[in-house]
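For reference, positions follow the sequence shown, starting with 1.
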Amino acid sequence: YENIKLCAKNYSGCGDVFGINAFIDFNTYPVLAGVTVDAIKAGTGKDTPVWLFFDGNGYAKPANLSTNDFIKVLKSQIYTAIIHGATGILFWNDRTESPDVFNALEKVVKELEDNFPIFFMKTIASEANNNLHYMIKGDKKAKYLIASNTHKTEAVELDIPQISKRTLAPLEVIILP
């Protein structure tokens, strides 16, 4: 956190949008996608656009992990970054590599596109507690809960009075009206 914050602060006058590629770190610890957004914003300012790069080829995918399980990890990273205030998502792809991961990401990308109107709503509340991350977005017509569990093997309890009480499975992401 401190290293990224300091780097972002030192470069804050050199750009309009900031981001980072940390595929292996994000895959090992999905929570770092949120920590990274927080650190960049702490260094550059809360209104600075942050666009994180995500692994569209599977460079960080362990050999023993299926593509579908890798996509679950990526989805958790992406939504966690959004919950923390990322305003853009980029995928790094090398066209000389296998398109398996990128093709499997199509469903997640479609879901992100379908949820654009929610992402642009006002943020009413946001919280991160260990591996549980959530935000409430809304306008005069509707409110939505976006939540992610960044733990790879343990469920977390989500309990927001008058909003939702449920258990999120490992790496689960939910969007609820």
Side-chain angles (χ1 to χ4, degrees), residues 1-45 47-120 128 131 133 135 146-154 168-175:
Y1 177 91
E2 289 299 324
N3 188 36
I4 292 173
K5 176 183 165 185
L6 182 60
C7 287
K9 182 178 180 181
N10 288 337
Y11 282 100
S12 64
C14 301
D16 297 321
V17 177
F18 292 83
I20 192 171
N21 159 351
F23 298 163
I24 292 172
D25 294 329
F26 288 172
N27 184 67
T28 304
Y29 305 103
V31 69
L32 291 180
V35 171
T36 299
V37 172
D38 291 346
I40 292 171
K41 286 187 168 287
T44 61
D47 295 326
T48 299
V50 176
W51 298 0
L52 292 189
F53 288 81
F54 292 97
D55 185 355
N57 273 120
Y59 287 111
K61 182 177 119 13
N64 63 344
L65 190 66
S66 73
T67 297
N68 286 337
D69 286 342
F70 184 69
I71 298 302
K72 285 177 69 173
V73 178
L74 281 171
K75 183 176 176 179
S76 176
Q77 295 169 31
I78 291 165
Y79 277 93
T80 300
I82 291 168
I83 290 165
H84 283 259
T87 56
I89 301 301
L90 302 168
F91 294 100
W92 172 256
N93 293 291
D94 178 345
R95 294 180 63 157
T96 66
E97 297 292 326
S98 168
D100 293 347
V101 170
F102 187 73
N103 290 342
L105 273 167
E106 186 174 349
K107 184 177 177 183
V108 175
V109 171
K110 173 72 171 116
E111 180 183 305
L112 289 164
E113 288 175 350
D114 291 346
N115 288 317
F116 276 174
I118 297 169
F119 302 149
F120 288 108
N131 290 298
H133 307 258
M135 71 186 333
I146 303 171
S148 70
N149 174 4
T150 58
H151 203 285
K152 290 181 172 182
T153 60
E154 294 179 12
L168 283 123
L171 299 171
E172 184 175 7
V173 172
I174 60 168
I175 299 178

Margin query: Check the orientation of Phe23 and Tyr59. Use parallel for under 30°, tilted for 30 to 60°, and perpendicular for over 60°.
Written below: parallel

Using side-chain heavy atoms (C-beta onward) and a distance below 4.5 Å, is [X] in contact with [Y]?
X	Y	answer
Val101	Asn57	no
Ile89	Ile82	yes
Thr80	Pro30	no
Lys75	Leu171	no

Notebook entry, point to check: Looking only at side chains, do Thr96 and Asp94 share a donor and an acceptor under 3.5 Å apart?
Noted result: yes

Check: Does any pair with a residue in residues 98-107 pass side-chain hydrogen bond (donor to acceptor under 3.5 Å, both in side chains), and if so which ones, sequence neighbours excluded?
Finding: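 Non-adjacent pairs meeting side-chain hydrogen bond (donor to acceptor under 3.5 Å, both in side chains): Ser98-Asp100.
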
Checklist line | Of all pairs that satisfy side-chain hydrogen bond (donor to acceptor under 3.5 Å, both in side chains), the ones with a partner from residues 13-42, not counting sequence neighbours | finding: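 Every side-chain hydrogen bond (donor to acceptor under 3.5 Å, both in side chains) pair that includes a residue of residues 13-42, provided the two are not neighbours, is Asp38-His84.
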
Using atom types as modelled, flag every donor-acceptor pair under 3.5 Å from a side chain in residues 3-12 to any protein atom, sequence neighbours excluded.
unit_1: Asn10; atom_1: ND2; unit_2: Leu6; atom_2: O; d: 3.4
unit_1: Ser12; atom_1: OG; unit_2: Lys9; atom_2: O; d: 2.8

Notebook entry, point to check: Is the CZ atom of Phe91 crowded by more than 12 outside heavy atoms at less than 6.0 Å?
Noted result: yes

Item checked: Counterpart residues, side chain to side chain donor-acceptor pair (under 3.5 Å), relative to Glu154 (two or more places apart) ->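 Testing Glu154 for side chain to side chain donor-acceptor pair (under 3.5 Å), a comparison that skips the adjacent residues, returns none.
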
Note to self: My understanding is that only residues two or more places apart in sequence, or in another chain, count here; which of them pass side chain to side chain donor-acceptor pair (under 3.5 Å) with Trp51?
What the structure shows: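 Result, side chain to side chain donor-acceptor pair (under 3.5 Å) vs Trp51: Thr87.
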
Item checked: Sequence neighbours excluded - salt bridge (Lys or Arg N to Asp or Glu O under 4.0 Å) pairs with any residue from residues 51-60 -> none

Margin query: Treating Asn149 as the side-chain partner and Ala169 as the backbone partner, does any N or O pair qualify as donor plus acceptor under 3.5 Å?
Written below: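 Pair found, side chain donor or acceptor close to backbone of Ala169.
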
